Amino acid sequence: MHKFGHVALIGPPNAGKSTLMNKYLGQKVAIVSPRPQTTRNRISGILTTEDAQIVFLDTPGIHQLRGKMNRFLLESAWSALASSDVVVVLIDAALYCAKPHLLEKEIKPLIKPVAETGRPVLVAVNKIDRVKDKPTMLPLMARLNELWPEAEFIPVSALRGKGTEELLTRLLDFIPDGPSMYPEDQLSTAPVRFMASEIIREKLFYSLRQELPYTTAVEIEVWDEETRNDMVLVNAVIYTAQKNHKGMIIGKQGSNLKKVGTDARKEIAQLIGNKVHLELWVKVRAGWTEDPGFLRDIGLGE
Ligand SMILES: Nc1nc2c(ncn2[C@@H]2O[C@H](COP(=O)(O)OP(=O)(O)OP(=O)(O)O)[C@@H](O)[C@H]2O)c(=O)[nH]1
Ligand SMILES: [Mg+2]
């Protein structure tokens, strides 16, 4: 008996969706950061075990923000539901234990659309390692049961790998029988160029303060495996929507860009198993988050 199916990972921003997927894969396929709205596309992660192949669909966090880019983020999150056999909703237990009033605001908008798909739903109550005062989990679980009676709740820590095996066992119950669709060593359907641009974007999340990363996009302009046989030459452009952000991205005497470049180069080299020469350029592109043509060019639009 062999199983094959898709699992959509959805939930509010910063809940730990990408962290959970990476945990199952044992490798970083989706980028992660301490800030909300890190993930911008639907990203597949393929887990192959002896008797099953599961394609996880990591998605952008579901939020109430407006704008063209945000609309695309929401669409790609919701569209994952349609192609899934089971839905895993991730929520941040530590956040709702500390701020119970946020629970309804963030969870309620998810309930109806998930119910409409008719898919089974498991709620991974994540970040339990951060809940210091364990008894505060009880009212949270009670409230969740009340809000979402059809769902099944499983406390986990995606970061520490607690409860994740239990979650996997349970979601396998909903995965249909079928043969594998991908080679066993394939980790994602995402092209390597896209993954490289994501790695650069992740480094920007860590090196830039506050709002800056939200108006930053990365595009790989050159991916050259031919010119040199000992390394891959990569040119990437970092787009920023605001002129005054360019200097911050570059940093004093280029220090920030240098650090981003070094960190990203190492990780891209690891990903492709080859040496990499990476050049980064920063360009200002005012209003790109509202420009349909540009959004399409960088893979954020239909
Ligand atoms: N302590 C703790 N931190 C976690 C856990 N899971 C995720 N995190 C942290 O939470 C932050 C957000 O994690 P992500 O995986 O990027 O969250 P996400 O849901 O993919 O976020 P978006 O892509 O922005 O929607 C990161 O700093 C993670 O390290 C957990 O179980 N425990
Ligand atoms: Mg994410």
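Below, all heavy atoms of this structure are taken into account, side chains as well, without hydrogens, waters or symmetry copies. The model shown is predicted, which means the values in this text are computed figures rather than measured ones. The first residue in the sequence is number 1, and the count goes up from there. Counting starts at 1 for both ligands and their atoms, following the listed order.
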Protein N/O/S atoms closer than 2.8 Å to the Mg ion (ligand 2):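 Only S18 OG, T39 OG1 fall inside 2.8 Å of the Mg ion (ligand 2).
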According to the interplanar angle, ranging from 0 to 90°, do the rings of F4 and Y182 count as parallel (below 30°), tilted (30 to 60°) or perpendicular (above 60°)?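 Taking Y182 first and then F4, their aromatic rings sit tilted (interplane angle of 30° to 60°).
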Any ion pair linking D129 and R160 (charged N to carboxylate O, less than 4.0 Å)?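 Salt bridge between R160 and D129, a charged N being under 4.0 Å from a carboxylate O: yes.
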[X] side chain vs [Y] backbone, donor-acceptor pair below 3.5 Å:
{"X": "T215", "Y": "T240", "answer": "no"}
{"X": "R130", "Y": "S157", "answer": "no"}
{"X": "D58", "Y": "A30", "answer": "no"}

State, to 0.1 Å, how close S33 and F205 come at their nearest heavy-atom pair, and which atoms those are.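 Between these two residues, the closest heavy atoms are OG-CD2, 3.4 Å.
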Apply side chain to side chain contact (heavy atoms under 4.5 Å, CB included) to T49 and L168, showing your working. CA-CA 11 Å; T49 67; L168 186 63; 5.5 Å; no
Identify which one of V87, V7, D85 satisfies the side chain to side chain contact (heavy atoms under 4.5 Å, CB included) criterion when paired with R119.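 Of the listed residues V87, V7, D85, the side chain to side chain contact (heavy atoms under 4.5 Å, CB included) partner of R119 is V87.
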V89, L90, V88 screened by side chain to side chain contact (heavy atoms under 4.5 Å, CB included) with I10, the one that passes: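 Among the candidates, only V89 passes.
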Residue by residue, ordered by chain and number, which ones reach under 4.0 Å of ligand 1 with a heavy atom?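 Residues near ligand 1: P13, N14, A15, G16, K17, S18, T19, V32, S33, P34, R35, P36, Q37, T38, T39, G61, N126, K127, D129, R130, S157, A158, L159.
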